[in-house]
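Source: prediction; values computed, not measured. We're numbering straight along the sequence, starting at 1.
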Amino acid sequence: MNQRTFLSMIVFIGIIVLTACAPSATPQAVSPTAVEDATVSTVAPTMEVSATTPVQAVNTETRMDPNLECSAGKTSANAIIELTEGPYYTANSPERTSLYEEGMPGTKLTVTGYVYDMNCQPIANAWLDFWQADANGTYDNSGYTLRGHQYTNANGRYELVTVVPGIYPGRTEHIHFKVQAPNGKIITSQLFFPGVTQNGSDGIYDASLLISLQETSDGLLGQYNFIVPAQ
């Protein structure tokens with residue numbers, strides 16, 4: 001073997017060794033599980049609500065204030081809840097805005113507000129009829145003491161001057177009323193007073209009919225807006 005042949009063989013063997021040691025260019029197969037795990041790991045974790053986040057308690061004396069239902073540009077509202085007339089209604093009460101008489105026992109109460117339709121438009125000339133027990137929980141069933149009807153003015157406003165009614169067995173403090181838009185449906189229901197212990201045990205009581213109250217130098221000032229169907 002001459003020198004040139006020997007060198008050629010050495011070069012050939014070196015090429016074979018280098019080829020055998022080079023890394024494979026063939027890509028490795030990736031399992032479906034590995035792909036799924038990689039995908040999941042790139043997704044942001046879902047935010048969880050802490051179990052210790054406080055939950056606001058519901059106050060059973062809290063209502064959706066009817067004085068706010070037709071404010072702030074609102075164009076619709078729910079009609080007031082209808083409740084029983086009771087056994088003490090007397091028709092044809094006198095027309096008057098004040099049921100209060102000088103020297104009448106009890107806390108003087110003035111209730112003001114508006115009558116709106118369900119599109120939050122004030123209703124002029126709406127009819128309102130009120131009747132109630134006196135401060136001792138007694139109704140006048142032979143006359144018209146603490147009974148009277150009135151009509152809203154051109155702006156849909158009314159004002160009632162009376163006394164806080166007393167409590168009689170089985171009932172809480174309440175004022176009966178009927179309200180009607182001109183040529184509309186007569187709605188019969190009752191107004192209630194906040195903070196009265198008997199509210200919770202009165203089967204007729206509804207918190208949506210609570211009067212908003214504040215103390216004044218001339219008794220209590222109440223506020224309630226009636227929302228009724230126009231037809």
Q: Determine whether the side chains of Arg157 and Asn225 contain a donor N or O and an acceptor N or O closer than 3.5 Å.
A: no
Q: Hey, are Glu82 and Lys185 close enough for a salt bridge, meaning a charged N less than 4.0 Å from a carboxylate O?
A: yes
Q: Is it true that the side chains of Thr197 and Asn199 contain a donor and an acceptor less than 3.5 Å apart?
A: no
Q: Heavy-atom distance under 4.5 Å between the side chains of Tyr144 and Thr90, does that happen here?
A: yes
Q: Under the 3.5 angstrom rule, does the side chain of Arg171 hit a backbone N or O of Ile204 as a donor-acceptor pair?
A: no
Q: Are Tyr224 and Leu191 packed together at the side-chain level, in the sense that at least one heavy-atom pair is separated by less than 4.5 angstrom?
A: yes
Q: Of all the heavy-atom pairs spanning Ala77 and Cys120, show the shortest one and how long it is.
A: CB-SG, 4.1 Å
Q: Looking at Val163, is its backbone amide N or carbonyl O close enough to the side chain of Gln132 to form a donor-acceptor pair, meaning the two atoms are under 3.5 Å apart?
A: yes
Q: Is a donor on one side and an acceptor on the other found under 3.5 Å between the side chain of Thr152 and the backbone of Ala126?
A: yes
Q: Taking C-beta and beyond as the side chain, do Ile187 and Lys178 meet within less than 4.5 Å on heavy atoms?
A: no
Q: For Gly137 and Tyr168, which heavy atoms make the closest approach, and how far apart are they?
A: O-CD2, 3.5 Å
Q: In sequence, state the C-alpha distance, the side-chain angles, and the governing distance for His149 and Trp127, and then conclude on side-chain contact (heavy atoms from CB on, under 4.5 Å).
A: CA-CA 7 Å; His149 73 272; Trp127 173 72; 3.6 Å; yes
Q: Consider only side-chain heavy atoms of I, L, V, M, F, W and Y, link residues closer than 4.5 Å, and tell whether Val228 and Ile186 are in one cluster.
A: no
Q: Drop me the distance from Leu99's CG to Gln150's CD, to the nearest 0.5 angstrom.
A: 8.0 Å
Q: Could you state the interatomic distance from CD (Gln190) to CD1 (Ile80), rounded to the nearest 0.5 Å?
A: 11.5 Å
Q: If I compare all heavy atoms of Ile211 with all of Gly222, which pair ends up nearest, and what's the gap?
A: CG2-CA, 3.7 Å
Q: Rounded at 0.5 Å granularity, tell me how far CD in Gln223 sits from OG1 in Thr110.
A: 12.5 Å
Q: How long is the straight-line distance from OG of Ser98 back to CG of Leu160, given to the nearest 0.5 Å?
A: 8.0 Å
Q: Is there side-chain contact between Met118 and Pro229, with at least one heavy-atom pair below 4.5 Å?
A: yes
Q: As an exercise, state the distance from OH of Tyr88 to OG1 of Thr138, rounded to the nearest 0.5 Å.
A: 9.0 Å
Q: In terms of side-chain heavy atoms, does Tyr89 have a donor or acceptor partner in Asp129 at a distance below 3.5 Å?
A: yes
Q: Of the non-hydrogen atoms in Ala135 and Gly106, which two are nearest, and what is the gap between them?
A: CB-CA, 3.6 Å
Q: Tell me, with the steps shown, if Tyr158 and Thr97 meet side-chain contact (heavy atoms from CB on, under 4.5 Å).
A: CA-CA 8 Å; Tyr158 76 93; Thr97 60; over 6 Å; no
Q: Is the Phe226 to Phe177 ring centre distance short of 6.0 Å?
A: yes
Q: Judged by atom type as modelled, is there a donor-acceptor pair below 3.5 Å linking the side chain of Ser189 to the main-chain atoms of Ile81?
A: yes
Q: Tell me, do Leu220 and Gln214 make a side-chain contact under 4.5 Å, heavy atoms counted?
A: no
Q: Under a 3.5 Å threshold, yes or no: a donor from one side chain and an acceptor from the other, between Thr216 and Asp218?
A: no
Q: Indicate yes or no: at least one non-hydrogen side-chain atom of Asp134 is less than 4.5 angstrom from one of Tyr139.
A: no
Q: For the residue pair Thr145 and Asp140, confirm or rule out a side-chain donor-acceptor distance under 3.5 Å.
A: yes
Q: Would you mind reporting whether Asp117 and Ile227 have side-chain heavy atoms less than 4.5 Å apart?
A: no
Q: Stepwise, does the side-chain contact (heavy atoms from CB on, under 4.5 Å) test hold for Trp131 with Leu146?
A: CA-CA 6 Å; Trp131 72 101; Leu146 294 172; over 6 Å; no
Q: Is the number of heavy atoms from other residues, nucleotides or ligands under 6.0 Å of Glu95 CD greater than 12?
A: yes
Q: Mind listing the closest non-hydrogen atom pair of Pro165 and His174 along with its distance?
A: CG-O, 3.3 Å
Q: I'd like to know whether Tyr151 forms a side-chain contact (heavy atoms from CB on, under 4.5 Å) with Asn125, so could you lay out the CA-CA distance, the side-chain angles of the two residues, the decisive distance to 0.1 Å, and finally the verdict.
A: CA-CA 5 Å; Tyr151 298 89; Asn125 207 39; 3.8 Å; yes
Q: What class does the angle between the rings of Phe192 and Tyr205 fall in, given that below 30° is parallel, 30 to 60° is tilted and above 60° is perpendicular?
A: perpendicular
Q: How long is the gap from CG on Leu109 to CG on Leu221, to the nearest 0.5 Å?
A: 8.0 Å
Q: Is any side-chain heavy atom of Pro122 closer than 4.5 Å to one of Val115?
A: no
